[in-house]
Structures are given as structure tokens and as C-alpha cells.
2 protein chains.
Amino acid sequence: MAEADRVKKAGPRSTGRPTIRDVSQLAGVSRMTVSRAISDPELVLPATREKVAKAIAALGYVPDRTAGSLSSRKTGFIALMLPTLTNANFAAVAHGLTEALRDANFHLLIAYTEYDMVEEERQLRNLLARRPEAIVMTGATHSPAASKLLLAADVPIIEIADLPSRPIGHVIGFSNHEVGRTAARYLIDKGHTRIGAIGGTVEGEVRDHRGEERMRGFEDELRLAGLSADAVLRYGEAPLSYDHGAAAIARLLKKSPDCQAVFAVSDLSAVGAMMQCQRMGVSIPDQLSLIGFGDFEIGRIVDPPLTTIHVDFNELGRRTGATLLALLGEDGDARPGRVDVGLSVVERESVSKA
Amino acid sequence: MAEADRVKKAGPRSTGRPTIRDVSQLAGVSRMTVSRAISDPELVLPATREKVAKAIAALGYVPDRTAGSLSSRKTGFIALMLPTLTNANFAAVAHGLTEALRDANFHLLIAYTEYDMVEEERQLRNLLARRPEAIVMTGATHSPAASKLLLAADVPIIEIADLPSRPIGHVIGFSNHEVGRTAARYLIDKGHTRIGAIGGTVEGEVRDHRGEERMRGFEDELRLAGLSADAVLRYGEAPLSYDHGAAAIARLLKKSPDCQAVFAVSDLSAVGAMMQCQRMGVSIPDQLSLIGFGDFEIGRIVDPPLTTIHVDFNELGRRTGATLLALLGEDGDARPGRVDVGLSVVERESVSKA
DNA sequence: AACAATTATGGGACCGATATCATCGAAAAG
DNA sequence: CTTTTCGATGATATCGGTCCCATAATTGTT
């Protein structure tokens, strides 16, 4: 019988909370049996399992995963790096991921970069100290040091919401460049020729790389169509919101009063711009067409409803979760995958008909 | 000199990543010195510190907090239980908290109940296994088992966004009952007598206890004023959003066509209701006054701007963070505190003037 | 100068689980 | 009836840090 376990008392550094040893002593079995009864019940006789369950309930025992993690070298953590949580789409990703990982008993460790690469690196280091079993990064632009840390981490890495040409690991995303191009094409197809855009990357310092990518795609498509990109305005800093859009559109229209159509890199800016137009007596879509990005709920609510480019962030979160589960499950398919969840134009009424 | 540390090789169960032992051997000091150089540099001579720093950089060493947590019995985790992340106010709380805890090197462990008490209990158990140093619960209505778990956890507990009469630990919140009463009083003051409300708790099964509390406060105030609470409609289930408000207001106006003013337990429902009224040709505020709760950004955007009840969730998150830091810092003031962050009416234009 | 106090560092046990291998009894195979 | 196989359980080392106490070196005290 488990003699060694029966006599051992809690050491001086113990927390006082019941441990697996207390359970084993009360149940009259070894610690290993308790461990198995919890994490792999089929290996234990039903009668034994019952005894253990009783002891657990009697003591109010809650296993310590910190200890378990150290021993098994599996922490059950997934690191998720987001620009911010106060953005419905990123929140949706986090939500979808949590959902997908819930039953596998993984926990998400979320960190926010606030669109700052230095902060990203700092946060990454903190995250790494928790020994996550996989890392999910939003975007694909990292500092050299951060890239090095990621490579050295030796765990699956998934870059999401982007489609980098030189990815570090797996990719589940969409092309932000294509978003911009699609927006431009859409406005061009509607017959506009004086076309502008508002986004948040001030000259010289890029914070929101994905937003900047959308701006570039937009510009590229304009040029391809032989149109001027003069009315593409970069103003303010991420995170972009209503106020940004309002200020940006005011500037833009002052600079380029003949502008017929505008792409906003975020629906939030787009809506802010819309409000500002109302205040300035600029009618949408009659005097100015507006297309956004992100398909935020608010775009359905405003009047006129906002035409926008939709990406299924929920799907993105779910796909990421499923990939993670596959990666961390059985064998761990090592081949880095690349998934493009695509995008689509949601036609509503903020763009004038061709 | 550290002879024992110099010879020891990595064991068979090692991950292969550099450990503190590798650093100590390369730097020619003991493990403890490395540990101190990292977490308490003042205890180590600058020259030694330098040697350690070099070794750390050379190896790309990242400390393992799992091991550190086990040993020090300080995990650096704060558990945060939220109904959902896809709600700007809760996201703001999470954001504010993260912000406040960032420099103290704490990590937030977030779990979502989806407004389900059974799920809350399950999530709580999972959270507890991570040995958080404090637990932040949204709301104050828990299952008996959950309450027992919380009590037994033996760590500071903060209940937020509510003002329970029999709290488990610290409280930082506001009275949801008072929110309802304030809304009712406001509408009454504006001269309305046929007053209704829409909220999401179906008869018999309460999911959103805080929302239900707001409904009750609303009803209580109506009764106090000698008004009928017949037009208080419970419909649908949390989480409440636009569609809920739209459906609910349609029902309500069908049932009580003479209703003059309506309180929605959430701005999201209120905005949905507003849209539905537009579709039905009911003019706001001329034919129907509308007041919401939560002061979501969208309320500023819609037309007419939504009158609502504001609670500073940001402040709530910050206060919670500060309290946590104090609690986990020096001495750990044991007296459970109680903070009411209050509430205020944001007068906009969705309520007709008296 | 002798002794106490302080500072810098090291040695070893320990935190609470699980990996791994050993053991033991019962059932299956020969 | 022995030998092999298998299923259930146990003993022990180990994961990678930090706590606690010991020790050596330095500084301060009278």
C-alpha cells in the first residue's frame, strides 16, 4: 500500500490548500492514482475512481495546474497578441478562439500591443515566460527582436488577419492590400474618378501596419486605373475611431473639395466621417460616396447604411482555434498552412449607384 | 564556488530550452544569484549583474514563470470573470484592468460566462486551477457551489459592476436597481405617465441578473409613483443586441400602443428599438421617448442621439486595478471595501422635453 | 584591535504535480 | 498447472524556479 504517501506531511512552504497528497491519503491510494483518476479515468477502476471522487469532494480539492504544467511541460496556454480589445472584430477573434479552446481546457493569454511594436516585444517576452503551447499573432509585422523571440520559442505560431509574404509560421488571414484594391475597384466601377481615402498612418511612423496595407492597396489600384491618389489622406494614429473619421474627412474635403468618393480604412472612421458630413451638409451618397472596412455592427445602424468590406473575423477565430487544436493534438502537422478567409463587399447605401 | 551547479546536466525530462542553471553555469555564479539578478537586482553587485545579463542574452534565456509560480506560490495571475467580451463596456473593464496591472507584471486570466451560471461555475473551477492571486467577478449572483469555491479560494475577491447587499469580498460597482429607478424617475419627471421598459429576462429563468435588477428598480420606481408597470416587457435572452431591441419594441407597442416612453436595459437594445421605430414610422422623441443604459458610443451616433444612463466602466476597471495592486502589494488590507462609482444621466435627444 | 552588523553569494530542500518504470495479482495461453 | 500477458496501482525522480538558512567578505562600532 501507499506507505510513503500516508505518512508524509505538508512541508513548511505549503499553501495550506489541499494537494493531491491530501486526496491520496484520504482516499487511501497513491498520488499517481489520484492523478490518473482525474486526467485519465479509464485507467482507474470504477471503485477506486469513486473513492478518489469522494475524497476530492470532501476536501474541496482543486488541482494545481501550475504544478501540473511544470511537470508535464504542457501549460495549456495559448498566447494571443492583439492590437487592442476595444475593437469588435478583435474581440470577436478572442471570443471565437476562447470558444474553440474551451473544451480542450486551454486558456487564452491575451496581450495588447496598442499598435506599438516596442510594446509588442515587451508583451511577447512576458507571454513567453508563461510557456504557451502556441502563439497567435495579429498581423505579420514584428520587430526583429520579436521575430527572433518567436522563432526561438519553438512552438506553433499562427499569424492572423494578414497574409504575409514571408510568414513565420502558419497563416490564417486575408490580404489587407486586396481590401484596399477591392474598395478602389468598387468605387471606380460605380463611376467615380475623384477618389480619396482616410487612414491613420502618419508619414514616417507606421503603427497600424494592416491599415497602412489597405491604404497602399487602394492607392495601387487607383494608379492602375490611371487615377490620381492625391486625395488619399493619412491623418491621426491608430486606434481609429469616430472622431478620427470626422476630423479626417473635414481635412480631406477642404484639401480636395471635388472628391466624389472616399474609402475609410475602418468602419469606425467611416461612420465618424458620415456624421461629420451630415454636420457639414454634405449628403451621402449624393454628394459623397463612402465605403468602409470591417463590417462593424454600427454600419448597419447608421443612415444611410454603410457600404463596407466584410471579413469574417468569427470564422477567422474559429479556424484559428481548429488549427490550434489540430496542431496541439495528435501528431502536430508541422507543415505551415496558409488560409485565406477572403473578403466581400457588403453593398448598402452609402455609395451612389453607377 | 558553485561547484554543484557547474557539473549538473539537464535531466531527461527537460524541454531543451535554456534554464536558469544554464545561465548560472555560463555566468559562473549560482542559480540563486541569477534569480536575484533578475527579480531583485539591487541585491546583486553590478559586476555580477553584468555577467548574468550577458549570459542571459547569449543563451536567449526566458525565465519560466510556471516554475517560479510553483516555487514562490505567486502566480501573477488575476482571474476575471465576465459575461462576454463582445460588449464594449466589459471590454473596457478588461482593458482598464490590463492597463493597471501591466507594470506590476500580472497577467489577466479572462473567462466568459455567456450569462450562464452553470458555465460560470465550470469556468471558475478552471480558473482556480491556475491559482490566481485574486478573483474579479462581474456581478454578484453566483451559484451556491460557485460561492463556496470563491470562499474557499482564500484570495481577495472583488465583485464589480454591482452593489450586492451580501458581498463575498470587496465591491466596486454601482447599483443596477438604482439605474432602473433613475431611468424611471427621469421619464416621470419629463411628464410621462404611460411608461414601459424592455429587457431580456424571460419569466422563470434569469440569465442577466444585473439587467434584471435594473428592470426591478424601474418597476419599483413606477409603483412608487403610482404608475402601472404593465408595459414592462421581458423578452429574449442576454446578450442583448440591436435585433433584440427591435423585436421587443415591436411587441411592446403592439401590446401597449399608448406607451409614451420606454427604458431599455441596454443601449444596444435601445438603438435597435430606435431603428425599429423608424421603420414603423414612430417618431422619436415626439411619439415615443427612449432612454437606454451603458452609454455606448453608438448612442452618440444615432439620430436622434440617445439619452442614456452612464456608468464609468473605465474608472471601474482602473479602480479595480488599483485596489488589486494595494491588496496584493505590501500588507494586504483585509477590510473588504465597498466603492460605488455612481451613475449619471446623459441627456441627449431621444426623450421629449417636459 | 576585537567584535558585531551588514552585504553578497551559495547549497539544498521544496513547491505540487506527472513521467517513468516497477510491482503485483488476475486472467489468458500453452 | 505453469508461463505469459495485461490491467491496476505504487514508488521515485523530476520539471525549473525560489525560500531559507549558512557562509564568506566587507564595513562599522567602541
Side-chain angles (χ1 to χ4, degrees), chain A residues 1-25 27-49 51-52 59 61-76 129-131, chain B residues 1-25 27-49 51-52 59 61-76 129-131:
Chain A
M1 202 177 254
E3 204 51 42
D5 285 339
R6 306 197 75 124
V7 291
K8 199 70 166 277
K9 288 276 188 302
R13 279 164 68 182
S14 171
T15 56
R17 299 185 56 119
T19 73
I20 203 170
R21 170 167 278 133
D22 299 315
V23 176
S24 75
Q25 291 177 9
V29 299
S30 73
R31 284 177 295 156
M32 260 328 288
T33 299
V34 176
S35 174
R36 279 191 275 254
I38 293 170
S39 53
D40 219 342
E42 299 89 49
L43 294 180
V44 174
L45 241 38
T48 314
R49 219 182 294 163
K51 279 193 297 183
V52 171
L59 293 171
Y61 170 70
V62 178
D64 185 336
R65 283 193 84 180
T66 303
S69 297
L70 180 59
S71 180
S72 67
R73 284 139 302 149
K74 288 192 180 169
T75 57
R130 299 293 190 178
R131 297 292 187 265
Chain B
M1 206 177 254
E3 205 50 42
D5 286 338
R6 305 195 76 123
V7 291
K8 198 71 166 275
K9 288 275 187 302
R13 280 165 68 182
S14 170
T15 56
R17 299 184 57 118
T19 73
I20 202 170
R21 170 166 280 132
D22 299 316
V23 176
S24 75
Q25 291 178 9
V29 298
S30 73
R31 284 176 296 155
M32 256 331 285
T33 299
V34 176
S35 175
R36 278 191 276 254
I38 293 170
S39 52
D40 220 341
E42 297 89 50
L43 294 180
V44 175
L45 280 183
T48 313
R49 221 183 292 164
K51 280 193 294 181
V52 171
L59 293 170
Y61 170 70
V62 178
D64 185 337
R65 283 193 84 180
T66 304
S69 297
L70 179 60
S71 179
S72 67
R73 282 139 304 147
K74 288 192 179 167
T75 57
R130 299 292 191 177
R131 297 292 187 267

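Protein chains get the first letters and strands the later ones, always in sequence-line order, with residue 1 at the start of each.
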Within the structure, does a side-chain N or O atom of [X] lie under 4.0 Å from either OP1 or OP2 of [N]?
| X | N | value |
| --- | --- | --- |
| A:Ser30 | D:dG10 | yes |
| B:Thr15 | D:dG16 | yes |
| A:Ser14 | C:dG16 | yes |
| B:Thr33 | C:dG10 | yes |
| B:Thr48 | C:dT9 | yes |

[atom1] of [X] versus [atom2] of [N]: gap in Å, rounded?
| X | N | atom1 | atom2 | result |
| --- | --- | --- | --- | --- |
| B:Leu70 | C:dT18 | CG | P | 12 Å |
| B:Arg31 | D:dT18 | CZ | P | 10 Å |
| A:Arg21 | D:dA11 | CZ | C1' | 11 Å |
| B:Glu42 | C:dT7 | CD | C1' | 14 Å |
| B:Asp64 | C:dC15 | CG | C1' | 13 Å |
| B:Asp22 | D:dG17 | CG | P | 9 Å |
| A:Lys74 | C:dA19 | NZ | C1' | 11 Å |
| B:Met32 | D:dA22 | CE | P | 15 Å |

Do [X] and [N] share a donor-acceptor pair, side chain to base, under 3.5 Å?
| X | N | value |
| --- | --- | --- |
| B:Arg36 | C:dG10 | yes |
| B:Thr19 | D:dG16 | no |
| B:Arg13 | D:dC15 | no |

What I'd like to find out is whether the side chain of A:Asp64 reaches to under 4.5 Å of the side chain of A:Arg17, using heavy atoms alone.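 With C-beta onward as the side chain, the pair stays apart.
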Backbone of B:Ser24 reached by a side-chain donor or acceptor of B:Arg31 within 3.5 Å: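 No.
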Is A:Arg73 reaching over with its side chain to a backbone N or O of B:Arg13, donor-acceptor style, under 3.5 angstrom?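 Yes: the side chain of A:Arg73 pairs with the backbone of B:Arg13.
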Identify the two heavy atoms, one from B:Arg130 and one from A:Thr66, that lie closest to each other, and give their separation to 0.1 Å.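 That closest heavy-atom pairing would be O-OG1, 4.0 Å.
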Write down the atom of A:Gly76, the atom of A:Arg65, and the distance for their closest heavy-atom approach.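 The answer is CA-NH2, 3.8 Å.
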Starting from the 5' end of DNA chain C, give me the residue, A:Pro12 or B:Leu43, whose nearest nucleotide shows up first.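 So the residue in question is B:Leu43.
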Which nucleotide sits closest to the side chain of B:Val44: D:dT18, C:dT9, C:dT18?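 Taking heavy atoms from C-beta onward, the closest nucleotide is C:dT9.
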